[in-house]
Participant: 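What follows is a single structure, and I will ask about it in a moment.
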Amino acid sequence: MSLPRNILIVGSGGREHALVKACLASPAKPHIIVAPGNAGIAQDAYCVSVAADNVVGLVALAQREKVDFVIVGPEVPLSLGLVDELIKAKIPAYGPKADGARLEASKIFTKQILLKYKIPTAPAGFFSEVAPALAYLRTRPIPIVVKADGLAAGKGVIVAQTLAEAEEAVRSMLEGGKFGASGKQILIEDCMYGEETSILVVTSGRDYVILPVSQDHKRIGDGDTGPNTGGMGTYSPAEVVTPELLAQIDRDIVKPSVNAIADEGIDFRGTLFIGIMLTPQGPSVLEYNTRFGDPETQVVLPRIENDFLALLWAAARGELAGTKLTIKPDAAICVVIAAKGYPDSFKKGDPIVFPSTLPEQTAILHAGTARDADGQVVTNGGRVLGITSLAPTLTEAARRAYAACETIQCESKYYRHDIGAKQLNRK
Ligand code: GLY
């Protein structure tokens, strides 16, 4: 199989920086363009300032630069139909078309599929009017989860601890315009309890491979306290998912999900990221995402031995059958350095000074960074950097990543100090 040599990666986060590094490691030695990228990605690839949601601009860029493969990072361009437009322009792309991206863009659509195909998930009701939603709430156990149907940058999920909080969440979305059009329809779902795990599946329709299993830390504060974020750190392997449990997840969730999507007539070639709650009754689906996780990707990719570019190329071409993954036994960890104040308001433009050396097998992946007029790297987003280390044990990986975190100078830096602690404490 001949591999693409001139590729475009769409996005600007830590996930895209990890994708760039993994593709650069391919023996195909591709030339990589990133749109729009960030200050760190620009050290590894050629960044072009076209926004990730500018579908017309991205197709024009791919044509102008004679790109032979596009890898789409974030969900928004997928849901806007970027892959549909690229395929119309005869440019191969990795990522689902808009019909597949709907599995992330509409939580109600996903829940309907899960229920139709009897894939384990929590019971739920769907509403666009306040009165029936409030009536439904009174029939369900509290705490309960109220979700905006559409994309809301990871913020559209409210776990209500009391009936009053749940009623307020319903009103704020259906009457108050919270989350705008994304909250015009809502899903009310029973709360599930347990540990969460992230299962990333690369699929070409019916064939698929399950990538190394990881665990995210969604809350801003140590000990899983404070508001939800896009993710403050990850580690892999997540040993809570034993080989037996992974086989069960594959049998009861992954395979039925991939087949259900194909049976619905969706030709899904991309990443199906299944958020799973490990409940006492067994694994149960929280959500589908239709792209690589961030910061899951930062720990999953370094553990894969295969030529990663070849893997995505095979999936995009529908040629994944027979592909086997080789996974390194090492542990990986990613500690996210955020700007103080995130996920609420935070300052941009703070200078970042990087250490001259890093612990071994440690990389600084950039997310919200830019260069100011003087060429200084400064903060430019809520999640700023992802410090990723690989080591024979999680303890050693964590030591390396945290040693690097300490040596990065930035007045507004904030990070959690307990990434991976759940697994380490279990031991
Ligand atoms: N880290 C969670 C996500 O990518 O949605």
Side-chain angles (χ1 to χ4, degrees), residues 9-19 22 52 71-79 95-96 100-107 110 145 147-159 179 182 192 195-202 210-221 224 226-238 241 257 270-278 285-303 332-338 342-343 365 367-368 381-388 415-416 418-420 422:
I9 296 181
V10 176
S12 62
R15 164 184 51 211
E16 285 74 25
H17 202 175
L19 288 169
I71 299 168
V72 185
E75 62 277 17
V76 170
L78 293 170
S79 68
R102 224 180 134 208
L103 292 162
E104 177 162 1
S106 170
K107 294 187 169 60
T110 287
V145 185
K147 293 180 172 176
D149 176 49
L151 294 177
K155 293 182 185 152
V157 177
I158 295 175
V159 183
F179 309 124
S182 291
M192 292 193 276
E195 272 190 54
E196 277 187 50
T197 186
S198 302
I199 304 288
L200 273 57
V201 179
V202 169
I210 300 179
L211 303 190
V213 176
S214 61
Q215 196 168 51
D216 192 7
H217 297 63
K218 293 240 168 67
R219 305 292 195 100
I220 187 71
D224 293 331
N228 264 328
T229 68
M232 291 300 293
T234 42
Y235 65 93
S236 176
V241 181
S257 295
T271 309
L272 181 68
F273 161 6
I274 312 180
I276 289 180
M277 185 69 90
L278 303 172
V285 177
L286 285 163
E287 63 181 3
Y288 290 146
N289 295 303
T290 60
R291 40 131 189 120
F292 286 105
D294 188 347
E296 283 88 345
T297 307
Q298 290 87 315
V299 293
V300 167
L301 270 42
R303 296 194 59 231
I333 193 166
C334 174
V335 179
V336 168
I337 296 188
Y342 173 77
L365 299 174
R383 291 190 293 173
V384 179
L385 302 168
I387 315 308
T388 303
Y415 53 92
R416 278 181 62 159
D418 62 348
I419 304 303
K422 229 180 259 170

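In listed order, ligands and their atoms are each counted from 1.
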Participant: Only heavy atoms of Phe273, strictly under 4.0 Å: list the atoms of ligand 1 that pass.
Facilitator: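 Reading through ligand 1 atom by atom, the close ones are 3 (C), 4 (O), 5 (O).
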
Participant: List every atom of ligand 1 that sits less than 4.0 Å from any heavy atom of Glu296, numbering the atoms from 1 in the order shown and giving each element.
Facilitator: 1 (N), 2 (C), 4 (O)

Participant: Which heavy atom of the protein is the closest neighbour of atom 5 (O) of ligand 1, given with residue, atom name and distance?
Facilitator: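 For this ligand atom, the closest protein heavy atom is Arg291 NH2, 2.8 Å.
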
Participant: What atoms of ligand 1 come within less than 4.0 Å of a heavy atom belonging to Asp216?
Facilitator: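 Counting from 1, the qualifying ligand atoms are 1 (N), 2 (C).
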
Participant: For a quick test of reading the model, state the closest non-hydrogen atom pair linking Met232 to Ala338 and the distance between them.
Facilitator: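 Met232 and Ala338 have their closest heavy atoms at CE-CB, 4.0 Å.
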
Participant: Going from CD on Glu296 to OG1 on Thr197, what distance comes out if it is rounded to the nearest 0.5 angstrom?
Facilitator: 9.0 Å

Participant: List every atom of ligand 1 that sits less than 4.0 Å from any heavy atom of Gly230, numbering the atoms from 1 in the order shown and giving each element.
Facilitator: 1 (N), 2 (C)

Participant: Decide whether the shortest distance between a heavy atom of Gly293 and an atom of ligand 1 is less than 4.0 Å.
Facilitator: yes

Participant: Measure from the side-chain N and O atoms of Gln215 to the backbone N and O of Ala238, and report whether any donor-acceptor pair falls under 3.5 Å.
Facilitator: no

Participant: State plainly whether the residues Lys218 and Glu196 are in salt-bridge range, i.e. N to O under 4.0 Å.
Facilitator: yes

Participant: Is a side-chain donor-acceptor pair under 3.5 Å present for Asp216 with Thr234?
Facilitator: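 Short answer, no.
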
